[in-house]
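Every chain is numbered from 1, with letters handed out A, B, ... down the list of sequences. None of the values given here were measured: they were computed from a predicted structure.
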Amino acid sequence: MDGKRELGLCAVLVLALGCGNQEGPSPAMDPGAATLARERDALLTELELSGEDRPYLVLDLADSRLSFTMGGVPLRDYPVFDLRRRVPRLGFMGSDSAPAVENTVWRLGRVVPRPRRKVREITPTDPAPEVDEATAPEMPPLPEELLAAPPRFSILFDRSFALEVRAGAEGGTAWRDRFEVLTGRAAPGLSVALSPEDAGALYRSLGDDIGLVIR
Amino acid sequence: MRVLVTESARRVFWFSAVGALVALTLLFAGTGYRRTPLEVTDAAATPVAQASSKEDRDLQREIAALEKRLARGRQRGPYIVIDRSNNRLYLRDVDGVRLTAVCSAGSGQLLRDPSGDREWVFETPIGRHKVLSRQRNPVWRKPDWAFIEENLPIPKDHGERIEYGTLGEYALHFGDGYMIHGTLYERLLGRNVSHGCIRLGRDDLRKVYAASREGTPIFIF
């Protein structure tokens, strides 16, 4: 009996301490101010990105356009003809609610699957005899022959966000989706469909540590 | 008694097996991604709400100032964009693309000097550059790698390095020996075959030369 009373007192004490340690309810931020604050933070990060001497991506949701940009200057545009929110689900379970994506900036993205570029070494050879255009030696490969783009690839930002790029309306298979989710490689994010030519060109242009601005 | 336990155990086993199979099937079938259309708010159509507090007004002022800073970096005049991975050159301005040209960018290949420690990687450099000088009828002063590549001795006489006509009618220099210039081999345009420079066809080179000045920005990605 004594033991039970002591146990009860301990429980009350722990509860009291727990309640005491909680901060009082913080004043909820006005949703309008929260949106403005997010827009401000995104602009600050975008200014940082634009100060670097390398390209980053800008996804304009209203214009349905993905652009390679440098210093705030658009370099090449890739029209988006399908834009979807993408949420991983395990056995029909998974939250449908996803954080807001407008006015967000993501950094240090990496491409999956990683483009494999081999550095080829030149073997010095004796100069070829004078040739004209008609008898030029064999043709070197085109960019798409050197590096074929997959039908679907993603830019992963630390497993917390992913931008999936599909070549055409479909791109990829359900089996690949399941494999990614079951092996813990899935991340929520957005899925965009580009034309196959644009998707291939984008894949070949992507390097390491990619930045992404979503407006 | 023993027979009853075995029958019951068998039933439990089969029910469990079927149940597990159904659960695994559901798990598998329901696993993947759910892709749903994204609702996009059209900022132009949505009226801007009156700032309801000092905090909101301060934030809006800050946002306007940041947008102004971002806009300062944008180009108003013509600029050149080179997509080196896809061998495309674009002449752009604030209104969009004025010219799309097929070019040849660096091959990315590696050449080692057999007699020493030097090596060269023939890549076109990424980043922001600008036209430093414009030249008509440029002359190529062949660097050491051009001789090494063809198993030729490096000449001591400067005159032996000079080649006429190889670079086409015009050249736009953008630093460190890199240029936009013409080519004798227009059939190779669209392929990564240069030693880092950008090669253009004759007609496109004329247009790009005419549209650019010293200081015209060049963006390479």
Side-chain angles (χ1 to χ4, degrees), chain A residues 30 32-33 36-37 39-40 43-44 46-47 50 53-55 61-62 68 70-76 83-94 96 101-102 117 119-122 124-127 133 136 139-143 146-147 174 177-178 181-182 186 190-191 201 204-205 207, chain B residues 26-28 30-38 40-44 49 52-53 55-56 59-60 62-63 66-67 69-71 73-75 79 81 83 85-88 90 92 107-112 114 121 126-128 148-152 185-188 190-193 217 219 221:
Chain A
D30 152 30
L36 288 171
E39 191 178 343
R40 188 259 329 261
L43 279 167
L44 278 167
E46 187 177 349
L47 268 166
S50 70
D53 207 19
R54 51 164 158 187
L61 299 175
F68 245 117
M70 195 186 295
V73 178
L75 306 184
R76 180 169 172 169
L83 174 64
R84 292 172 182 266
R85 191 185 289 280
R86 188 185 84 159
V87 176
R89 295 172 77 77
L90 182 66
F92 296 106
M93 289 183 295
D96 273 343
V101 292
E102 286 182 62
R117 293 184 181 91
V119 178
R120 294 160 291 143
E121 189 165 342
I122 299 171
T125 49
D126 292 338
E133 276 275 324
M139 296 288 277
L142 286 164
L146 271 177
L147 180 62
D177 288 355
R178 288 186 190 115
V181 174
L182 288 170
L190 294 178
S191 178
R204 284 185 287 277
S205 299
Chain B
L26 282 173
L27 175 75
F28 195 70
T31 293
Y33 290 111
R34 188 173 150 82
R35 294 179 178 85
T36 51
L38 180 73
V40 177
T41 51
D42 183 350
S52 56
S53 67
E55 188 185 13
D56 284 3
L59 280 167
Q60 283 183 344
E62 219 180 323
I63 286 167
L66 289 169
E67 282 174 342
R69 273 175 66 188
L70 205 53
R74 294 192 185 125
Q75 296 300 316
Y79 59 98
V81 177
D83 179 351
S85 304
N86 296 287
N87 296 304
R88 290 293 183 275
Y90 305 97
R92 293 190 68 139
S107 65
Q109 291 181 303
L110 168 70
L111 174 69
R112 292 186 216 270
V121 178
I126 282 180
R128 283 186 264 200
I148 292 169
E149 198 178 32
E150 294 188 336
N151 260 342
L152 294 170
Y185 304 107
E186 293 206 4
R187 68 197 289 266
L188 297 182
R191 296 161 201 268
N192 291 88
V193 293
F219 296 88
F221 70 99

Please name the pair of heavy atoms, one in A/Ala33 and one in B/Leu59, separated by the smallest distance, quoted to 0.1 Å.
O-CD1, 3.5 Å
For A/Ile122 and B/Glu149, run side-chain contact (heavy atoms from CB on, under 4.5 Å): C-alpha distance rounded to whole Å, both residues' side-chain angles, the deciding distance at 0.1 Å, then the answer.
CA-CA 8 Å; A/Ile122 299 171; B/Glu149 198 178 32; 3.6 Å; yes
Which of A/Gly207, A/Gly72, A/Ser205 touches chain B most, by non-hydrogen pairs under 4.5 Å:
A/Ser205
Of all the heavy-atom pairs spanning B/Leu70 and A/Ser50, show the shortest one and how long it is.
CD1-OG, 3.8 Å
Sub-4.5 Å side-chain heavy-atom contact between B/Asn192 and A/Pro140:
no
In short, B/Arg35 meets A/Arg84 closest at the heavy-atom pair O-NH1, 3.6 Å
Tell me, for A/Pro74 versus chain B, whether the close heavy atoms (under 4.5 Å) come from the side chain, the backbone, both or neither.
both
How long is the straight-line distance from CZ of B/Arg69 back to CD of A/Glu46, given to the nearest 0.5 Å?
11.5 Å
Atom CZ of residue position B/Arg74 - does it have more than 12 heavy atoms of other residues, nucleotides or ligands inside 6.0 Å?
yes
Under 4.5 Å to a heavy atom of chain A? For B/Asp83 that would be side chain
So which atom in B/Gly190 and which in A/Leu142 form the shortest heavy-atom distance, rounded to 0.1 Å?
O-CD2, 3.8 Å
What one should report as the nearest heavy-atom pair of B/Phe221 and A/Pro55 is CB-CG, 3.8 Å
For B/Arg128, is it the side chain, the backbone, both or neither that has a heavy atom under 4.5 Å from a heavy atom of chain A?
both
Can you tell me which of A/Val73, A/Leu147, A/Leu44, A/Leu146 forms the most heavy-atom pairs within a distance under 4.5 Å of chain B?
A/Val73
Choice from B/Ala71, B/Gly127, B/Pro217, B/Ser107 maximising heavy atom contacts with chain A below 4.5 Å
B/Gly127
Atom of B/Leu66, atom of A/Arg40 and distance for their closest heavy-atom approach:
CD1-O, 3.7 Å
